[in-house]
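Just so it is clear, the structure is predicted and the values come from calculations on it, not from any experiment. Numbers here simply count residues along the sequence, with the first being 1.
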Amino acid sequence: MRNTSKVTTLESKFPLLAVEQGCIVSKDADITVAFRVELPELFTVTSAEYEAMHAAWHKAVKVLPDFTIVHKQDWFVKERYAGRLSDGELSFLARASERHFNERPFLDHACYLFLTKTTRQRMARQSNFSSLCRGTILPKEVGNREEAAKFMEAVDQFERIINDDDRIRLTRMTEEELVGTKERSGLLDRYFSLSDTGHASLEDIRLGADLVRVGDNRLCLHTLSDTDDLPAVVSTDSRYERLSTDRSDCRLSFAAPVGLMLSCNHLFNQYVRQEVV
């Protein structure tokens, strides 16, 4: 029986060109700045604080130039708690607590933010687009150093606005954190292997009409992009009835059902496109 599947190398399909000066540069000359995001602990944020955090995000996005893509990516991976049982300085109660939770499963969370400067042509591009349809391979905006400088200034301002909110902390990722070192894999390695461990290794990737598989992991993809599929009113948070009482109100963000409340390994991606209407 003849094998009709197409086999290719990841290098030939890799969309990124280089990582320079802390920025990811794609083969289409898009510039991306990556951040590691620290968010408040679950069940510790009130409704008013959720509103303030939402206002900070909204204010920060407004300072970005046109044709910017804001990509927030949340990793949720099943792990087992490793207790500090060998720590001799623990008190009796602390040691009992570590022993109680040792090797208990939990959903580990990591959050990243990517700000990408693209162009009008790239924002409007469809899957059937070919670079042969235009006179130049790269858009004119790519060679404009002033546009790149304005974008980096806007990124600095975006970072300051978010960090002014005490509940959120952005830390710009370095080149070593993105591409990795000999001792530890980078974010790009971990993404392609679907593993958030420090020593992720690349595995075979299969893309088919009926199956997407990375190593032994089978993927199930869901997209929510049509406004007709969204409710008429969306709030920043909702009441979590299981832990709320008549006297106390436990709040969760609007994305909690597809975040920590979803008990399987998953990635949750949110995209905001800043463009001229």
Side-chain angles (χ1 to χ4, degrees), residues 35-63 70-85 87 89-114 158-171 196 220-272:
F35 295 92
R36 187 171 54 254
V37 186
E38 297 177 32
L39 297 171
E41 294 289 338
L42 196 65
F43 305 126
T44 63
V45 184
T46 64
S47 182
E49 289 174 329
Y50 272 118
E51 291 287 348
M53 291 168 58
H54 181 268
W57 283 109
H58 183 266
K59 180 181 178 181
V61 170
K62 287 295 184 181
V63 305
V70 181
H71 174 201
K72 182 174 176 287
Q73 184 177 81
D74 293 87
W75 289 62
F76 299 93
V77 181
K78 288 183 178 180
E79 299 286 353
R80 288 189 176 273
Y81 181 74
R84 298 177 298 152
L85 303 180
D87 191 346
E89 298 182 358
L90 293 177
S91 64
F92 172 79
L93 291 178
R95 184 175 298 278
S97 176
E98 292 293 322
R99 189 182 300 111
H100 176 75
F101 290 104
N102 188 43
E103 295 188 355
R104 288 205 176 192
F106 70 99
L107 204 60
D108 190 30
H109 175 230
C111 183
Y112 304 98
L113 182 73
F114 307 95
F158 180 99
E159 183 179 3
R160 287 194 298 269
I161 292 174
I162 295 298
N163 285 336
D164 284 342
D165 191 306
D166 296 334
R167 292 165 289 266
I168 311 173
R169 181 63 51 191
L170 295 184
T171 304
D196 202 30
C220 182
L221 308 178
H222 299 275
T223 302
L224 182 62
S225 58
D226 195 338
T227 55
D228 294 336
D229 298 328
L230 299 174
V233 179
V234 179
S235 59
T236 59
D237 58 286
S238 60
R239 177 184 170 92
Y240 187 57
E241 297 294 344
R242 292 182 60 182
L243 296 181
S244 298
T245 64
D246 296 338
R247 296 185 177 181
S248 62
D249 201 14
C250 184
R251 313 296 297 185
L252 286 177
S253 74
F254 70 95
V258 290
L260 282 171
M261 308 307 293
L262 190 61
S263 59
C264 61
N265 293 338
H266 63 285
L267 271 68
F268 178 49
N269 296 286
Q270 301 177 74
Y271 297 91
V272 177

Report yes if some heavy atom in the side chain of Val70 is under 4.5 Å from a heavy atom in the side chain of Trp57; otherwise report no.
no

Test item: Pro40 and Glu49 side chains (from C-beta on) under 4.5 Å apart, heavy atoms
no

Please report the interatomic distance OH(Tyr271) to CD(Gln73), rounded to the nearest 0.5 Å.
7.0 Å

What is the minimum heavy-atom distance between Ala56 and Asp165, and which atoms define it?
CB-OD2, 4.0 Å

Could you go through the side chain to side chain contact (heavy atoms under 4.5 Å, CB included) check for Tyr81 and Glu98 one step at a time?
CA-CA 9 Å; Tyr81 181 74; Glu98 292 293 322; 2.8 Å; yes

Stepwise salt bridge (charged side-chain N to carboxylate O under 4.0 Å, His left out) check, Arg36 with Glu38
CA-CA 7 Å; Arg36 187 171 54 254; Glu38 297 177 32; 5.4 Å; no

Between the CG atom in Leu39 and the CZ atom in Arg169, the distance rounded to the nearest 0.5 Å is 12.0 Å

Would the distance check show the side chain of Asp108 and the main-chain N or O of Val77 forming a donor-acceptor pair, the cut-off being under 3.5 Å?
no

Side-chain donor/acceptor of Tyr50 to backbone N/O of Ser253, under 3.5 Å:
yes

Euclidean distance, Tyr112 OH relative to Lys72 NZ, rounded to 0.5 Å
12.5 Å

Calculate, to the nearest 0.5 Å, the distance between atoms CG and CD belonging to Asp164 and Glu159 respectively.
10.5 Å

Roughly how far, to the nearest 0.5 Å, is the OG1 atom of Thr236 from the CZ atom of Arg251?
8.0 Å

Check: Asp74 and Leu267 side chains under 4.5 Å, non-hydrogen atoms:
no

Around atom CD of Glu241, are there more than 12 heavy atoms of other residues, nucleotides or ligands at under 6.0 Å?
yes

At what distance, to the nearest 0.5 angstrom, does CG of Leu224 lie from CG of Asn269?
13.0 Å

State whether the side chain of Arg95 and the backbone N or O of Leu85 hold a donor-acceptor pair below 3.5 Å, judged by distance alone.
yes

With side chain to side chain contact (heavy atoms under 4.5 Å, CB included) as the criterion, how do Thr46 and Asp249 come out once you've worked through the C-alpha distance, each side chain's angles and the decisive distance to 0.1 Å?
CA-CA 8 Å; Thr46 64; Asp249 201 14; over 6 Å; no

Closer than 3.5 angstrom, by distance alone: can the side chain of His266 be matched with the main-chain N or O of Gly259 as a donor-acceptor pair?
yes

Going through the distances and angles, do Leu107 and Lys78 end up as a side chain to side chain contact (heavy atoms under 4.5 Å, CB included)?
CA-CA 5 Å; Leu107 204 60; Lys78 288 183 178 180; 3.8 Å; yes

Pair Asp237, Leu252 - check side chain to side chain contact (heavy atoms under 4.5 Å, CB included), show working.
CA-CA 5 Å; Asp237 58 286; Leu252 286 177; over 6 Å; no

Whether the side chain of Ser244 engages the backbone of Cys250 through a donor-acceptor N/O pair (distance < 3.5 Å, no angle test) should be reported.
yes

In this structure, which one of Phe268, Phe76, Trp75 forms a ring pair (Phe, Tyr, Trp, His ring centres under 6.0 Å) with His109?
Phe76

